[in-house]
Amino acid sequence: MRGDRILELKQELIAVLGRKNVLTDPKKTLFYSTGIRVGNGQASFVLFPQNLLHLWKILEISISFDQIIILQAANTGLTGGSTPFGDDYDRDVIIISTLKINQLILVNKGQQVIAFPGTTLYQLEDNLLPLGRGPHSVIGSSCIGASVIGGVCNNSGGNLVNRGPAYTELSLFARLNRDGRLELINHLGIELGDTVDEILTNIQNINFNTEGLSSSLKAASDKDYKNRVRDITASSPARFNSDQRRLYESSGCAGKIAVFAVRLDTFPLPEREQVFFVGTNNPDHLTKLRERILTEMPTLPDMGEYMHRSYFDASDKYCKDLFILIKYFGTKSLPRIFYFKRIIDEFIDDYDFLPSNLTDNIMQFLSSILPDHLPSILRQYNNRFEHCMLFLASDSTIQLMDNLLDEETKIETDYEYIKCTSLEGKDALLHRYVAGSAPSRYRKLHSYNSANIIPLDVALPRNCDSWYKLLPAEILSQMAQSYQMGHFLCMVFHWDFVAKEGIDVDKLKNKILYILDRNKAKYPAEHNVGHLYEADNSLKNFYRELDPTNTFNSGIGKTSKRKNYE
């Protein structure tokens with residue numbers, strides 16, 4: 001875009017947001033234009049709207065100047081879906097950071113919530129806790145601090161099998177129609193007025209009856225999931241990002257519309273919880289255990305998480321500092337800590353003589369000299385067993401789970417379990433919670449060969465019993481590191497491979513994907529296509545329907561980056 005047009009655009013944006021909320025300096029925009037694992041590209045502006053009216057106005061301005069728009073919350077996407085990807089766009093790119101718009105409205109005594117674009121998952125969990133309720137997911141965000149709407153846009157979560165992945169049919173969003181007109185669509189099931197100003201003002205000021213909100217025929221959660229996951233004879237996965245059953249407006253949109261608010265169900269918290277930790281060197285034991293849980297138990301455990309020794313060790317080595325921060329200071333401390341870390345990183349980047357990723361190296365060193373943070377019994381199991389399972393059961397399911405594990409481990413050798421104490425259970429859950437950040441830390445500490453990382457987010461068929469031996473030795477022998485964990489009851493796995501030096505990574509990845517295709521797997525499972533995966537035709541059509549001019553998040557799913565998908 002010509003210099004005079006850029007200046008004109010900048011002046012209009014500043015008139016709405018103020019100068020401090022409009023970034024143009026490449027050094028200042030770099031943090032927002034770079035993904036935590038992959039993806040980076042130039043952004044002409046990074047904007048910080050303070051409320052929903054700001055967001056609407058800057059959308060109007062950006063569209064009038066024919067800009068590509070990327071809405072970004074916490075920038076925790078693992079597939080590059082919340083940043084530019086390369087510099088081959090046909091228009092300038094504007095990033096809109098929504099984290100300041102983090103209002104959360106509790107409705108009907110917290111049975112449902114209305115979340116704004118910047119509301120985070122741990123903010124939601126914290127607000128619901130005094131009411132004895134919880135959100136759809138408490139772990140499963142592979143990066144700490146993920147936003148609620150980001151989860152909906154990517155159908156994320158689902159590790160809590162009785163609650164299912166993030167899904168709603170009730171949302172407030174803006175889309176650019178085929179005529180180039182920006183329209184605000186209110187499908188929240190709440191009467192908020194007729195004009196844009198009325199709707200956005202009324203929802204921000206909560207000008208509606210929050211305790212008498214009528215129920216809607218449209219879904220605010222995936223109520224069918226706990227039944228779907230039980231069908232262990234099905235040759236299709238329980239959940240995956242291109243599942244047409246769960247593509248609806250904001251749900252699964254991957255940023256192809258601007259989501260202003262979503263309405264979601266919440267869930268009652270249990271009175272009692274118990275963590276079971278299971279270890280074995282024979283993965284067939286876990287396959288049988290999964291089958292019995294899903295077919296015999298009248299109520300399912302809340303969570304069933306698989307950790308191969310590789311990911312247990314990766315979390316232990318690369319996530320110890322995060323574990324300690326959360327354990328002793330809580331998740332509330334993280335935004336401020338990460339903010340100061342970013343300021344330091346930006347300062348360091350100004351001086352070429354200072355090493356890159358200095359703060360990560362310092363944090364890694366400090367964590368290495370701190371006392372052991374894990375209970376000894378968990379270490380003993382990890383040392384003895386290659387495969388571990390972590391089950392969270394509650395209320396009546398606790399005894400059912402205890403009985404089943406007792407039966408299974410009695411008749412098999414090399415197969416044991418423990419009922420964790422309260423402290424052991426909390427530490428086990430937290431160790432799994434932070435594990436998803438390990439590949440990101442690994443990448444930063446090994447930046448000289450980070451291009452060799454192959455992250456895979458895979459949904460295997462529900463009837464798959466060969467989950468641990470899909471990849472042959474010929475492929476695994478080309479890996480320097482192999483990290484594996486998953487939401488086991490769902491057959492959703494996160495495989496993070498580090499190829500050896502000199503290996504053709506693209507060729508190796510294509511071999512893996514061919515094997516997955518042959519076994520009817522779907523990928524990605526819950527992190528969405530971003531810029532790493534090619535969207536299948538049904539997903540591409542969904543994106544085109546939402547965004548016919550290709551203005552929002554252009555190029556997602558390896559689609560065209562050009563206007564009107566030319």
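In this model, a donor atom of one side chain and an acceptor atom of the other lie less than 3.5 Å apart for Glu305 and His487. Tyr523 and Asn241 share no side-chain donor-acceptor pair at under 3.5 Å. One side chain, Ser482 or Gln484, offers a donor N or O that lies under 3.5 Å from an acceptor on the other. Between Tyr311 and Asp496, the side chains place a donor N or O and an acceptor N or O closer than 3.5 Å (distance only, hydrogens not considered). Between Asn463 and Thr233, the side chains place no donor N or O within less than 3.5 Å of an acceptor N or O (distance only, hydrogens not considered). Judged purely by distance below 3.5 Å, without hydrogens or angles, the side chains of Ser221 and Arg163 never pair a donor atom with an acceptor atom. Counting only N and O atoms by type, the side chains of Thr287 and Asp465 include no donor and acceptor under 3.5 Å apart. Between the side chains of Asn127 and Gln123, not a single donor N or O lies within less than 3.5 Å of an accepting N or O.
Within a 6.0 Å radius of NZ in Lys320, more than 12 heavy atoms belonging to other residues, nucleotides or ligands are found. Residue Glu474 qualifies as enclosed at atom CD: its count of foreign heavy atoms under 6.0 Å is above 12. Counting non-hydrogen atoms of other residues, nucleotides and ligands closer than 6.0 Å to NZ of Lys226 gives a total of 12 or fewer.
A side-chain contact (heavy atoms from CB on, under 4.5 Å) with Phe116 is found for exactly one of Val259, Ile105, Val148, Leu104, namely Ile105.
Val458 and Ala521 make their closest contact through CG1-CB, 4.0 Å (heavy atoms, listed as atom of the first residue, atom of the second, distance). Of all heavy-atom pairs spanning His373 and Asp316, the tightest one is CE1-OD1, 3.0 Å. The minimum heavy-atom distance between Leu390 and Ala428, with the atom names listed, is CD1-O, 3.3 Å. When all heavy atoms of Arg239 and Pro165 are compared, the closest pair comes out as CD-CG, 4.0 Å. Minimum interatomic distance between Ala220 and Leu170 (heavy atoms only, all atoms of both residues): CB-CD1, 4.1 Å. Among all heavy-atom pairs drawn from Ser147 and Ala74, the shortest one is N-CB, 4.5 Å.
When side chains are defined from C-beta on, Ile293 counts as touching Leu404, because their heavy atoms get closer than 4.5 Å. The shortest distance between side-chain heavy atoms of Val152 and Tyr167 does not fall below 4.5 Å. With a 4.5 Å cut-off on side-chain heavy atoms, Leu289 and Leu405 count as touching. Between Phe277 and Met389 there is no side-chain heavy-atom pair separated by less than 4.5 Å. In this structure, the side chains of Met303 and Phe391 stay at 4.5 Å or more apart for every pair of heavy atoms. Side-chain contact check for His285 versus His387: every heavy-atom pair is 4.5 Å or farther apart. Residues Leu456 and Leu513 meet the side-chain proximity criterion, which asks for heavy atoms closer than 4.5 Å. Using a 4.5 Å cut-off on side-chain heavy atoms (C-beta onward), Tyr248 and Cys253 make no contact.
Using a 4.0 Å cut-off between charged side-chain N and carboxylate O, Arg246 and Asp224 make a salt bridge. Ionic pairing of Lys410 and Asp406 is present here: one or more N-O contacts between side-chain nitrogen and carboxylate oxygen are shorter than 4.0 angstrom. Ion pairing between a basic and an acidic side chain is recognised when a charged N comes within 4.0 Å of a carboxylate O; Asp427 and Lys327 show such pairing. In summary, Asp265 and Lys223 engage in a salt bridge, as defined by a charged side-chain N under 4.0 Å from a carboxylate O.
A donor-acceptor distance shorter than 3.5 angstrom exists from the side chain of Thr79 to the backbone of Asn528, with no hydrogens or angles considered. Side-chain atoms of Asn154 come within 3.5 Å of backbone N or O of Gly150 as a donor-acceptor pair. Gln364 places no side-chain N or O within 3.5 Å of a backbone atom of Asn361 that could act as its donor or acceptor partner. A donor-acceptor contact shorter than 3.5 Å links the side chain of Arg462 to the backbone of Arg228. Under a 3.5 Å cut-off, the side chain of Asn357 and the backbone N or O of Asp360 do not form any donor-acceptor pair. Using a distance-only test at 3.5 Å, with no hydrogens or angles considered, a donor-acceptor pair links the side chain of Asp536 to the main chain of Leu539. With Thr168 contributing its side chain and Arg263 its backbone, the two residues share a donor-acceptor pair below 3.5 Å. Side-chain atoms of Ser251 do not come within 3.5 Å of backbone N or O of Leu247 as any donor-acceptor pair. Between the side chain of Thr421 and the main chain of Glu424, a donor-acceptor pair closer than 3.5 Å is present. Side chain of Asp414 to main chain of Thr280: no donor-acceptor pair is present (N/O by atom type, distance under 3.5 Å, no hydrogens or angles).
Take Glu416 and apply the salt bridge (Lys or Arg N to Asp or Glu O under 4.0 Å) test, not counting sequence neighbours, and it matches Arg384. Under the rule for a salt bridge (Lys or Arg N to Asp or Glu O under 4.0 Å), the partners of Lys288 that lie at least two apart in sequence or sit in another chain are Glu408. Under the salt bridge (Lys or Arg N to Asp or Glu O under 4.0 Å) criterion, Asp402 pairs with Lys419, not counting sequence neighbours.
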Criterion side chain to side chain donor-acceptor pair (under 3.5 Å) on Tyr468 and Asp284, from CA distance to verdict: CA-CA 9 Å; Tyr468 59 92; Asp284 287 329; 2.6 Å; yes
Salt bridge (charged side-chain N to carboxylate O under 4.0 Å, His left out) between Arg379 and Asp372, intermediate numbers included: CA-CA 10 Å; Arg379 286 210 178 281; Asp372 194 359; 2.8 Å; yes
side-chain contact (heavy atoms from CB on, under 4.5 Å) assessment of Phe497 paired with Ile453: CA-CA 6 Å; Phe497 298 116; Ile453 293 180; over 6 Å; no
Evaluation steps, side-chain contact (heavy atoms from CB on, under 4.5 Å), between Phe276 and Leu392: CA-CA 6 Å; Phe276 298 90; Leu392 175 65; over 6 Å; no
Derivation and outcome, side-chain contact (heavy atoms from CB on, under 4.5 Å), residues Leu131 and Leu129: CA-CA 5 Å; Leu131 303 176; Leu129 187 60; over 6 Å; no
Ser394 and Asp302: CA distance, side-chain angles, deciding distance, side chain to side chain donor-acceptor pair (under 3.5 Å) verdict: CA-CA 7 Å; Ser394 60; Asp302 300 273; 2.7 Å; yes
Gln399 vs Asn403, side chain to side chain donor-acceptor pair (under 3.5 Å): CA-CA, chis, key distance, verdict: CA-CA 6 Å; Gln399 191 60 53; Asn403 294 342; 2.8 Å; yes
Steps toward side-chain contact (heavy atoms from CB on, under 4.5 Å) verdict (Val107, Val113): CA-CA 6 Å; Val107 298; Val113 297; 5.9 Å; no
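Between His494 and His527, the ring center distance clears the sub-6.0 Å criterion. Proximity of the aromatic rings of His136 and Phe267 is defined here by a centroid distance below 6.0 angstrom, and this criterion is not met. Checked against a 6.0 Å centroid threshold, the rings of Trp495 and Tyr483 do not count as neighbours.
Here CG of Leu516 is found 14.5 Å from NZ of Lys511. Values are rounded to the nearest 0.5 Å.
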